[in-house]
Amino acid sequence: MADMEETDPEWSEFGHDVQSVQQPSSSCEDERVRKKGRLKDDKNMLKDDKLCRVCGDKALGYNFNAITCESCKAFFRRNALKDQKTSCLFDGNCPIDVRTRRFCPHCRLKRCFDIGMKKDMILDETERRARMAKVLQNRQKRGSKQVFDIKSEPLEIDTEMPDQSSESFPSLSSSSLQPISSWAIPLSPTTKGIKPVEDLTLPTDPDLYRTLSTEDQAVMSELTEIYQSTLGEVITDKKVTDENGYENVNDLVNNSEIAVRRLISFVKKLNDFRLLCQADQIAALKACILNTLLLRSVTFYHVEKDAWITPTGVIPTSILKSATGFIELHDSHTKYCRSLKAVVKDDLHIMAMLQAIVIFNPDGQNIISRSTVSDIQDKYIILLKHYMESIWTFEYARDYYPFVLQKIAELKGLSEEHASVLLQVNPNKIEPLMLEVLNLK
DNA sequence: TTAGCCTTGATT
DNA sequence: AATCAAGGCTAA
């Protein structure tokens, strides 16, 4: 801090004062504020008086959507994302200034949000990796010499890694010679052969990840945005504990109407969808309804509770079993959700791309120009592959990518089984839209 | 954990 | 070229 003040042009104008104010923060701060006031009256320094809106310290500019000092910026970055368990020791309205700001993290963070700092401007895991990858890529471009030096050292696998893993996988201590992928990710019984990705075990070397092209990124974020605003929309606020509704299949089908409406608005926003002729638009839409419902159910499936959590309530799988009477069908459905969710987690990007792949299904009934549909589907398949390579490394993506595609293929069989169940519904009790869309009549 | 300083890609 | 606003690193 003292350093900054000495080099600050404002201070150089008051050289003799600087000497007398050599001590730490508290009184120094007062001095500074006083001087600021004076300087503001001076001619040229008007815009240079940015103060942190959180604590009043000197600010350099915007951080996460608000003018803050460096320390509050770092504070926000460190704390905004973790779910706030700590609370204020007092009344929740502690004064926050440059001296007191460290006393109550709760109130400091609260103030951060109050003055408009936005936590979604903090880069997430994926974005951070993309950023680092870009830096590295540029370095390689601009200097192949340094890269050489760095590349010759990094095999870190000596003492640290086995130690860390011995906690969770004690029995594998002898396998340190095997490639990382074979031990770092535990086998899961729910995903026969494919192991869920554990973020912590992913390599840190950016070389192993794909850097998404700006075009890929643009296409993907647009798609995800559309998906999120329609099909992916999740309401999480209410906790419905009473397992009401859903007495029978009719209710379930009618409830799906909401999802279908969302599918329609999703599709309407897709530029690629407009490339299809009218007839194919309808055919593609109809053909993917059940697939969409099933795919979407993965989002709502809660593994621990063995239930689907929807905006309208919790649906334990047991109810579905009795409702349909097809126990094995629901076992396979549940299993499907479990295995796909283990890999996809709650990644909206992946869900959005899978949804696109499901829509542009060249195999769909009554599609006329199948190759057009297939071309569009290819685009999203490749995009999905690239994305996986960018978040999981090329090596892991090689395994997960076919796995996920396989899951998409499995949708067909699964939805056909469900379709047979739908035959037993009573058309009189089904909403017109669903009748129309499911060809029930 | 804090907070200052540094490196960077993007934007102007 | 200068500025902005992210993340990283690291004494204290």
Side-chain angles (χ1 to χ4, degrees), chain A residues 1-11 22-26 28-29 32 44-89 94 96-112 115-143 145-147 149-150 153-154 156 199 202-207 209-218 221 390-391:
Chain A
M1 195 176 241
D3 194 31
M4 262 171 71
E5 283 157 5
E6 280 173 15
T7 58
D8 193 324
E10 292 176 17
W11 284 98
Q22 264 294 6
Q23 65 277 90
S25 45
S26 62
C28 145
E29 174 63 18
R32 185 200 297 161
N44 50 349
M45 292 301 189
L46 276 176
K47 41 70 185 296
D48 214 48
D49 64 345
K50 297 199 196 78
L51 293 184
C52 175
R53 296 214 45 217
V54 175
C55 71
D57 201 352
K58 177 176 177 178
L60 294 179
Y62 280 85
N63 292 301
F64 308 111
N65 200 44
I67 295 176
T68 73
C69 64
E70 197 80 10
S71 70
C72 289
K73 161 193 166 187
F75 172 83
F76 188 76
R77 191 175 58 214
R78 284 194 307 268
N79 297 286
L81 288 181
K82 43 190 175 193
D83 34 323
Q84 183 137 8
K85 276 295 178 60
T86 63
S87 61
C88 178
L89 291 171
C94 303
I96 305 292
D97 64 32
V98 65
R99 210 168 54 261
T100 60
R101 64 190 180 197
R102 2 157 86 182
F103 296 166
C104 182
H106 177 88
C107 289
R108 188 183 188 182
L109 186 57
K110 181 175 178 303
R111 180 148 178 81
C112 286
I115 60 122
M117 295 183 80
K118 291 184 175 166
K119 68 174 168 200
D120 55 309
M121 293 181 72
I122 300 172
L123 273 48
D124 66 22
E125 179 72 19
T126 307
E127 295 167 312
R128 241 184 305 126
R129 265 210 292 267
R131 189 177 189 266
M132 281 197 297
K134 193 157 289 173
V135 169
L136 199 110
Q137 194 173 280
N138 280 359
R139 279 189 189 157
Q140 277 180 330
K141 235 183 207 170
R142 278 294 180 176
K145 172 189 173 289
Q146 277 202 326
V147 175
D149 295 342
I150 293 170
E153 341 184 2
E156 70 302 292
D199 283 347
L202 288 172
T204 53
D205 184 355
D207 276 353
Y209 297 85
R210 168 186 287 274
T211 304
L212 281 185
S213 69
T214 47
E215 195 194 330
D216 278 352
Q217 273 177 333
S221 55
S390 80
I391 61 167

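Of all nucleotides listed (C:dA5, B:dA3, C:dG7), B:dA3 comes nearest to the side chain of A:R102. Set against B:dT2, C:dA6, C:dA5, the side chain of A:R78 has B:dT2 as its closest nucleotide. Of the listed nucleotides (B:dT1, C:dA6, B:dC6), B:dT1 has the atom at the smallest distance from the side chain of A:K82.
Taking the side chain as every heavy atom from C-beta outward, A:I96 and A:C107 approach each other to under 4.5 Å. Looking only at side-chain heavy atoms (C-beta outward), A:L60 and A:K73 stay at 4.5 Å or farther from each other.
At the phosphate of B:dA3, OP1 or OP2 sits under 4.0 Å from a side-chain N or O atom of A:R101. Remark: A:R77 is in phosphate contact with C:dG7, judged by side-chain N or O atoms under 4.0 Å from OP1 or OP2.
Rounded to whole angstrom, the span from the CD atom of A:E70 across to the P atom of C:dC4 amounts to 13 Å. At whole-Å resolution of the value, CG in A:L123 and P in B:dG9 are 14 Å apart. Between the CG atom of A:L109 and the P atom of B:dT2 there is a distance of 11 Å, given to the nearest Å. Atom CG in A:N63 sits about 9 Å away from atom P in C:dG7, given to the nearest Å. In this structure, A:N79 atom CG and C:dG7 atom P are separated by 13 Å, rounded to whole Å. Between the C1' atom of B:dA3 and the CG atom of A:L60 lies a distance of 12 Å, rounded to the nearest Å. Nucleotide B:dA10 holds its P atom 10 Å from the CZ atom of A:R131, rounded to whole Å. Nucleotide B:dT11 holds its P atom 18 Å from the OH atom of A:Y62, rounded to whole Å.
A:R108 forms a cation-pi arrangement with A:F75, by the criterion of a distance under 6.0 Å to the ring centre and an angle within 45° of the ring axis.
Projected onto DNA chain C by closest heavy-atom contact, A:A74 and A:M121 fall at different nucleotides, the more 5' of which corresponds to A:M121.
Of the possible polar contacts, one joining the A:S213 side chain to the A:D216 backbone as a donor-acceptor pair under 3.5 Å is found.
For C:dG7, the base has a donor-acceptor partner in the side chain of A:K73 [N/O atoms by modelled type, under 3.5 angstrom].
Nucleic acid contact class of A:R128 (heavy atoms, under 4.0 Å, all strands): sugar-phosphate only.
In terms of heavy-atom proximity, A:A59 sits nearest to A:T68 at CB-O, 3.3 Å.
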